[in-house]
Each structure stands twice: as structure tokens, then as C-alpha cells.
Amino acid sequence: MQFLQVIESSDVAERVKAGEQTSQDGRRLKILISAYACVPGMSSEPGVGWLSVGQAARRHEVWVLTNGEFKEEIEQELALNPMPNVHWIFVDVPSRLTSFWKKGERGRRIHYNLWQYWAYRAAKELHQIERFDVVHHVTFVSYWTPSYLSLLDAPFIWGPVGGGDSTPFSYYSTLSWKSRIAEVIRDVFRGVSEIIDPFIAMTARRAAVALATTEGTAKKMRRLGARNVGIMNEAALTMETIETVQKPNRHGQKPFRVISIGRLIGWKGYHLGVEAVVKMHQQFPDVEYHILGTGVEADRLKAQIAALGAESYIHLDGYLSRDEVLQKLLDCNVLLHPSLHDSGSWVCMEAMAAGLPVVCLRLGGPATIVDDESGFRPSGENPQRSIDEMAEALVTLAHNPELAARMGEAARRRIHEHFTWPKKGDIYDQIYRELVKTR
């Protein structure tokens, strides 16, 4: 599995997939990147924005349209580590339109759509001067938020974007009522947005290349009119992160430590993970399960652990810094990631780079990151079967440290071969150049 699995009806896709080099004339292209979320030193969407810019700038002249909220953080980083061939355009939505309702993350989606209008105005003016070779939308990483920059008369790349996967209906009975409502609202809002916002379909139709994080998102992009659709995860690891976790693992040591990392919210599926570890404990008592993170489901998980009599070996460790998380990974045997609809997963990649096999459901992005050599992927067909299969996978790894070690090494190789930012930058460069060549 490569970053780009397939781009339908495209020569560049076949060349990228086969590892073939596109003909390059050595010319530095002019790339315009739309990165609403773009902050140095972060993961998730802000990290995707920042690191995508860095990769494009390895070979090309880059202009970046980004949210003015994070200008200070970007300028501080640039003072320490300049990017001489990157031009930053900080776009602000007029305060008179946002001062009475925009507070922190509240209203973020509305703010993004307003920002798109002002970003397009700036981009149109810049394009008249610079005549960009390629326009690339990077963040938001969501297919149901449009990019007005697709209106420019230059080849437009949309993504990678996600958001097309949903919690399977059979799992709703396992969620708290608050989580069920949140999932319904998300799915309804997403569907309504597709219908009432014509700019979403416009973005799909005008994309020369549309990159989806999962096949579920790809289907929705095709339905909206995107024709040249490929699969690419939005996340990757820096070489610095990989080097941080290149230490001997603890396979074969006891207790057998299972770890999960992320926000404690319903669709992350940690309640399923708890059930799986309790079932595992019946066959392999020398186990510890550490759940790292905070969120609205913390009290429910705590009550679940107590009700199952598992407080002695299942621990809610709360929030840890990124450095602490990476060190914690090195002290564990396996990552359990029971998410129900992640588009991608930084934590799966970090665990794999640390030499841990991963147990995840065959749902969404994690199932494209992990393969059968680097972990176990239960079918996700229904909650009870998922719990049983996750427990079985954990017991297998606990009883077979040599298998766990082989899977861990396969996981490390997979990250090096497919999920680093330099690898991702190489593929972006191939797509950029092919679009320009065939224009």
C-alpha cells in the first residue's frame, strides 16, 4: 500500500504507483497552497498544513494562504528556521463579522467558509501577477468543506481530505446518548452541507486530482463529481519523530502492556477496547491497559472499568505531552486502536515507528495504514465480534512475543517505506509536475 493507491484514468497515478519517475525539466514551479489550519510543531490538521508547505518548498516556490490567527506562531518559527522560498499570506475575516459569535473553536466551520471568500479574493489577485502552475488545497482535511480556490484557472489538487466515514449503525447501541446525538448531528450536517452548498460539488468537479483519505470518502467525492480520485492518507511522520522512537522494544517482557491514545469521545471506541482487554485478561492475567487522553467519555469509561472489576489493570492516564506519549509507547507492547471512523491516525503511525504491532478495526483510515504483516485488523462487522477478535489478537501477541517482534519490525519498515513526509513530498512533486506537463 502506498500513499497513492490509485488515481482513476490518470497516467501519473500509474507512474506514481509503479514508482516510475516523471520526466522533470528541473524547473521550480510556482505552487499556491491553501492551508487554513497551519501551525508549526503540532499534529492533526495544523501539522498537516505546516508540513505540507515544507515538503512543497523542498523543490518549488510556494505561496501559502493561511488563517491570520496563527501569524505569531508562524513568524516565531520562521525567525528560527527560515523558509526563503515560501511567501506567507495571512488572511483574516473582518472582525465585524465574527466578534459577536466566534470564540476559540466555537463557530470554526462557519469561520472557515467566510475565510474561503477572502482567501479567494487574495488568491485571484496574486494569480494575475504570479500565474501559478498548480493550486493545492491542504486544510481543512474535510471533503464537505469547499475550496473556492478551485475557481482559479490553474490545475487544482483537492486534498487529501477525509470525513466520509461514519460510525456503523450497529455500534450505536454501545455509545452513550450524547455520543449518539453527536454522531447523528455530524452525519446530518454533512449530508445537508452536500445538498445546500453548491461550492462543495464545484470543488469536486473542478479538481484535476482529488485525494481522499479512505475509500469511504472517495465514494462521496466521486458522487459529488470528482473524476480523478486517489487514496492518500493526510498524515505522515517526520524523520525526527521516527528517530525519537528508534529504541529497543519490550516484546517478551511482562506485564504485557496495551496502550490506546486519543480523545476520550464515543466514536474512538475505547469502551470496546476496555471490553476486549477484560476478555483477554481471562486468558492472560498479566496484562495492563493504559488509555491516554481526556474527553467527555472519561467518567463513563471510569464507571465501565469499575463495573467490570478491572481497576487493578486498566488505567486512565489522562493527558500527557507529546514527548511523554512517545516515551510511553516505548514502554508498551501493542497499540489498541478501536476507532470507528478515523480518516487517518497519527498515533497508529507513531506506534508502528516505535516497533509496536497495532490492533485496529477494519474501518476507515487506520485499516489502510496497518497491514496484515504489521498488526491485526478485526472486521468491525458488529460490536461483539469486534470485541472478541480484538481480544483474540491481543492474546495471540501476548503468548507469542516472537510474532509481536516480527510484526513490530514490519510496522517500522512500513512507516519508513510509505508514511514519512519526505515520501509524501516526492509524490506531491510527481503530481505537480505531471499536471503541468499535461496541461
Side-chain angles (χ1 to χ4, degrees), residues 28-93 95 102 104-105 108 111-112 115-116 118-119 122-123 126 130 132 134-142 147 149 157 159-161 233-246 319-327 344-347 349-350 353 415 419-429 432:
R28 177 175 285 189
L29 304 178
K30 290 184 175 182
I31 310 296
L32 176 64
I33 290 180
S34 175
Y36 173 86
C38 182
V39 187
M42 294 186 68
S43 58
S44 194
E45 296 212 26
V48 170
W50 179 261
L51 292 165
S52 295
V53 169
Q55 288 305 311
R58 284 168 53 202
R59 299 179 176 93
H60 305 295
E61 196 82 5
V62 179
W63 283 254
V64 186
L65 290 162
T66 189
N67 183 1
E69 288 182 49
F70 303 106
K71 181 178 180 181
E72 183 177 349
E73 290 91 334
I74 291 172
E75 290 182 339
Q76 287 176 352
E77 177 64 22
L78 294 176
L80 297 173
N81 299 293
M83 292 183 177
N85 55 324
V86 179
H87 311 273
W88 296 88
I89 301 96
F90 297 98
V91 176
D92 291 300
V93 176
S95 59
K102 177 71 174 66
E105 291 304 304
R108 177 64 69 185
H111 186 267
Y112 169 83
W115 181 87
Q116 278 290 323
W118 270 272
L126 276 170
E130 301 294 344
F132 297 113
V134 175
V135 178
H136 187 178
H137 169 89
V138 174
T139 61
F140 272 160
V141 183
S142 173
S147 177
L149 269 64
I157 301 171
V161 292
N233 203 287
E234 86 276 13
L237 296 185
T238 64
M239 300 313 295
E240 291 80 5
T241 296
I242 292 173
E243 289 168 7
T244 298
V245 294
Q246 292 301 296
Y319 171 82
L320 295 181
S321 70
R322 178 172 169 75
D323 289 342
E324 290 172 322
V325 167
L326 294 178
Q327 290 304 310
S345 177
W346 294 72
V347 69
M349 294 182 186
E350 290 166 347
I415 293 300
F419 295 106
T420 69
W421 276 102
K423 292 282 187 183
K424 193 168 194 173
D426 291 345
I427 292 177
Y428 281 161
D429 178 61
Y432 294 162

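Nothing here was measured: the structure is a model prediction, and the numbers come from that model.
No donor-acceptor distance shorter than 3.5 angstrom exists from the side chain of Lys424 to the backbone of Leu51, with no hydrogens or angles considered. A donor-acceptor contact shorter than 3.5 Å is absent between the side chain of Trp50 and the backbone of Gly41. A donor-acceptor pair under 3.5 Å is absent between the side-chain atoms of Ser34 and the main chain of His137, judged by distance alone. Between the side chain of Asn67 and the main chain of Phe90, no donor-acceptor pair closer than 3.5 Å is present. Thr420 places no side-chain N or O within donor-acceptor distance of the main-chain N or O of Leu237, the cut-off being under 3.5 Å. Judged by distance alone, the side chain of Lys30 and the main-chain N or O of Glu130 form a donor-acceptor pair under 3.5 Å.
Ring geometry for His87 versus Trp63: interplanar angle under 30°, hence parallel rather than tilted (30 to 60°). Between Phe140 and Tyr112, the ring-plane angle classifies as parallel under the 30° and 60° cut-offs.
Counting heavy atoms from C-beta outward, Asp429 and Ile427 have side chains that stay 4.5 Å or more apart. The shortest side-chain heavy-atom distance between Gln116 and Val91 does not fall under the 4.5 Å cut-off.
Here the SG atom belonging to Cys38 is positioned 11.5 Å from the CD atom belonging to Glu45, to the nearest 0.5 angstrom. Between the CZ atom of Arg28 and the NE2 atom of His60 there is a distance of 9.0 Å, given to the nearest 0.5 Å. How far CG of Leu149 is from CZ of Phe132: 9.0 Å, rounded to the nearest 0.5 Å. Here the CD atom belonging to Glu61 is positioned 5.5 Å from the CG atom belonging to Asn85, to the nearest 0.5 angstrom. Taken to the nearest 0.5 Å, the CG atom of Leu32 stands 11.5 Å off from the CD1 atom of Ile157. Here the OG1-CD1 distance, from Thr66 to Ile89, works out to 10.0 Å after rounding to the nearest 0.5 Å.
There is no side-chain donor-acceptor pair under 3.5 Å between Thr244 and Arg322.
In plain terms, the two heavy atoms of Glu324 and Ser321 that are nearest each other are OE1-N, 2.8 Å. Closest approach of Ala119 and Leu65 over heavy atoms only: O-CD1, 3.8 Å. Minimum interatomic distance between Gly159 and His136 (heavy atoms only, all atoms of both residues): O-NE2, 2.7 Å. Here the shortest heavy-atom pairing between Gln55 and Pro422 reads OE1-CA, 3.5 Å. Of all the heavy atoms in Tyr432 and Ala56, the pair that sits closest is OH-CB, 4.1 Å. When all heavy atoms of Glu69 and Asp92 are compared, the closest pair comes out as N-OD1, 4.2 Å.
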Practice item. Start with the C-alpha gap between Asn81 and Glu77, add the side-chain angles, then the distance that decides, and say whether side chain to side chain donor-acceptor pair (under 3.5 Å) holds. Key: CA-CA 6 Å; Asn81 299 293; Glu77 177 64 22; 2.8 Å; yes
